[in-house]
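This report refers to the structure that appears directly beneath it.
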Number of protein chains: 2
Amino acid sequence: MKEGPDIAFLGSLIGDPARANMLTALLSGKALTASELAGEAGITPQTASAHLSKMEAAGLLQLRKQGRHRYFALADDDVGSLLEAMMGFAAKKGHLRTRTGPKDPALRYSRVCYNHLAGDLGVRMMDSLLAKNFLTPETEGLGLTGDGKAFFEEFEIDFEPLEKLRRPLCKSCLDWSNRRSHLAGSLGNALLTRFYDLGWAKRVENSRIVAFNPKGEKAFLKTFPV
Amino acid sequence: MKEGPDIAFLGSLIGDPARANMLTALLSGKALTASELAGEAGITPQTASAHLSKMEAAGLLQLRKQGRHRYFALADDDVGSLLEAMMGFAAKKGHLRTRTGPKDPALRYSRVCYNHLAGDLGVRMMDSLLAKNFLTPETEGLGLTGDGKAFFEEFEIDFEPLEKLRRPLCKSCLDWSNRRSHLAGSLGNALLTRFYDLGWAKRVENSRIVAFNPKGEKAFLKTFPV
DNA sequence: TTCATGGTTCGATGATAAGCGAAGTATTGT
DNA sequence: ACAATACTTCGCTTATCATCGAACCATGAA
């Protein structure tokens with residue numbers, strides 16, 4: 001209770017890439033589970049757990065236990081404002097990052113975020129779906145259009161089981177690797193498993209990387225043009 | 001030019017104790033030389049140099065070369081505001097620091113800051129001088145009272161050479177180890193050398209630590225009571 | 001010129017902490 | 001009861017980066 005400047009502590013807390021990714025993901029205002037945040041940051045749950053408890057102890061995060069889930073959210077508006085301020089400042093100065101984010105650059109290209117596709121490909125898919133008007137931004141989350149439903153049925157997504165779930169069908173999720181949104185929710189989940197089933201891609205063992213094979217990648221790019 | 005969240009970079013920049021100390025020292029608005037900042041942070045000039053160039057490259061600091069000195073100041077008001085915001089936030093949350101500041105805990109007790117006494121003892125001296133009305137806070141810096149002048153002459157400080165110098169006589173200097181001010185300026189300098197001459201203390205080789213011997217410390221505490 | 005001072009660059013060392021695997025604790029579902 | 005899921009704790013490895021010593025450059029003083 002006696003010591004150097006506390007802004008150093010605060011800065012170092014935000015200064016870690018993994019933590020910063022989680023924080024920016026939480027800037028949406030939603031509460032996310034520990035595993036979701038781990039996915040968002042591209043790290044394993046254990047590591048995420050350590051980060052999260054640190055941030056909670058520091059008063060940056062607020063924890064709500066619910067069943068076997070632990071939902072984390074920004075502690076209060078002050079945290080959000082501070083993060084916004086820092087982002088604004090960084091943007092103004094046009095900081096070119098040098099430090100490497102989490103591990104693998106392949107993670108930036110395509111990875112799982114919890115249970116759906118994230119990374120460059122995830123963002124591309126989202127952009128494509130929005131551009132073709134298959135999805136529309138709505139007040140709370142995302143909406144599925146008629147054309148969209150047709151498109152996904154053509155793609156052999158089975159909507160029946162999805163609609164029974166309590167989880168929202170479409171949800172947008174901020175991507176740490178390029179600060180844009182990709183598709184989450186049960187639809188995002190279903191699409192990813194469909195990619196697996198089609199043999200386009202598969203999970204790399206012990207990693208969040210989603211490895212597309214050459215023809216899978218080609219097909220993907222054709223299916224979701226920019 | 002493609003990467004993770006820039007707030008991580010910014011945070012890590014501010015997150016280092018040494019850099020944070022320099023930044024808070026610069027919050028006074030004054031421009032300080034590289035060596036002064038090194039003293040302020042309790043690190044060697046080489047290390048400070050590395051930190052300073054990093055911060056300048058990141059757009060946090062502004063550099064003005066003048067003769068063989070390099071004066072650093074906060075780049076603009078935005079930097080100041082951001083630091084203020086972070087300090088306010090940290091204060092509100094009452095962060096208790098865990099990370100150790102620069103090296104040695106003895107540094108926190110008494111060390112040289114450029115050419116004058118800093119650390120707990122430096123702050124104590126300043127407090128004492130203010131309480132006894134030997135120094136007074138003025139609009140720009142510190143003022144020496146009549147009583148003060150008498151006191152220092154009693155203490156055998158020779159004012160003649162000091163008044164010829166271009167450097168200000170009294171100057172307050174923010175102390176990183178406890179966020180309070182100590183006495184800088186040529187008077188601060190003169191006092192420190194007087195302590196050496198009196199045999200109260202001496203510099204530890206290759207360190208910024210000012211080691212008081214037992215009787216020197218006792219005399220010091222008596223001379224500058226709280 | 002020579003010396004001193006303010007700063008920087010380089011190389012090596014060391015401490016801190018991020019990350020993961022493996023094993024453990026809860027809680028929910030069947 | 002059993003199994004599966006969500007998350008944590010522990011121990012270890014690895015990388016990063018702050019720090020310092022030593023040597024080097026530049027400016028100013030004698």
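A, B, ... follow the sequence lines: proteins, then strands. Residue 1 opens every chain.
Going from atom CE of B:Met22 over to atom P of D:dA18 covers 10 Å, rounded to whole Å. Rounded to whole angstrom, the span from the CE atom of A:Met55 across to the P atom of D:dT8 amounts to 12 Å. C:dA18 atom C1' lies 14 Å from atom CG of A:Asn21, rounded to whole Å. We find that CG of A:Asp16 is positioned 11 Å from P of D:dC17, with the value rounded to whole Å. Rounded to whole Å, the distance from CG on A:Leu32 to C1' on D:dA6 is 15 Å. Separating the CD1 atom of B:Ile14 from the C1' atom of D:dC17 is a distance of 18 Å, rounded to the nearest angstrom.
Inter-residue side-chain proximity for A:Leu23 and A:Leu74 is flagged as met; some heavy-atom pair is nearer than 4.5 Å. The closest side-chain heavy-atom distance from A:Leu198 to A:Arg194 is below 4.5 Å. Side-chain contact between A:Asn21 and A:His51 is absent, with no heavy atoms from C-beta onward closer than 4.5 Å.
A donor-acceptor contact shorter than 3.5 Å is absent between the side chain of A:Arg70 and the backbone of A:Ala34.
In summary, of the residues considered (A:Trp200, A:Tyr109, A:Phe220, A:Tyr196), a ring pair (Phe, Tyr, Trp, His ring centres under 6.0 Å) with A:Phe212 occurs for A:Phe220 alone.
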Could you list, one pair per line, each protein nitrogen or oxygen that sits under 3.5 Å from a nitrogen or oxygen of nucleotides 4-9 of chain C, together with the distance?
{"from": "C:dT5", "atom 1": "O2", "to": "B:Arg68", "atom 2": "NH1", "distance (Å)": "3.2"}
{"from": "C:dG6", "atom 1": "O3'", "to": "B:Arg68", "atom 2": "O", "distance (Å)": "3.3"}
{"from": "C:dG7", "atom 1": "OP1", "to": "B:Arg70", "atom 2": "N", "distance (Å)": "3.2"}
{"from": "C:dG7", "atom 1": "OP2", "to": "B:Ser35", "atom 2": "N", "distance (Å)": "3.2"}
{"from": "C:dG7", "atom 1": "OP2", "to": "B:Ser35", "atom 2": "OG", "distance (Å)": "2.0"}
{"from": "C:dT8", "atom 1": "OP1", "to": "B:Arg70", "atom 2": "NH1", "distance (Å)": "3.0"}
{"from": "C:dT8", "atom 1": "OP2", "to": "B:Ser49", "atom 2": "OG", "distance (Å)": "2.8"}
{"from": "C:dT8", "atom 1": "O5'", "to": "B:Ser49", "atom 2": "OG", "distance (Å)": "3.1"}

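For the pair A:His51 and A:Gly67, nearest-nucleotide mapping onto DNA chain C gives the more 5' position to A:His51.
As judged by a 4.0 angstrom heavy-atom cut-off over every strand, A:Lys65 is placed among residues making no nucleic acid contact.
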Under the side-chain contact (heavy atoms from CB on, under 4.5 Å) criterion, do A:Leu37 and A:Leu26 qualify, and how do the steps go?
CA-CA 9 Å; A:Leu37 287 166; A:Leu26 290 171; 3.9 Å; yes
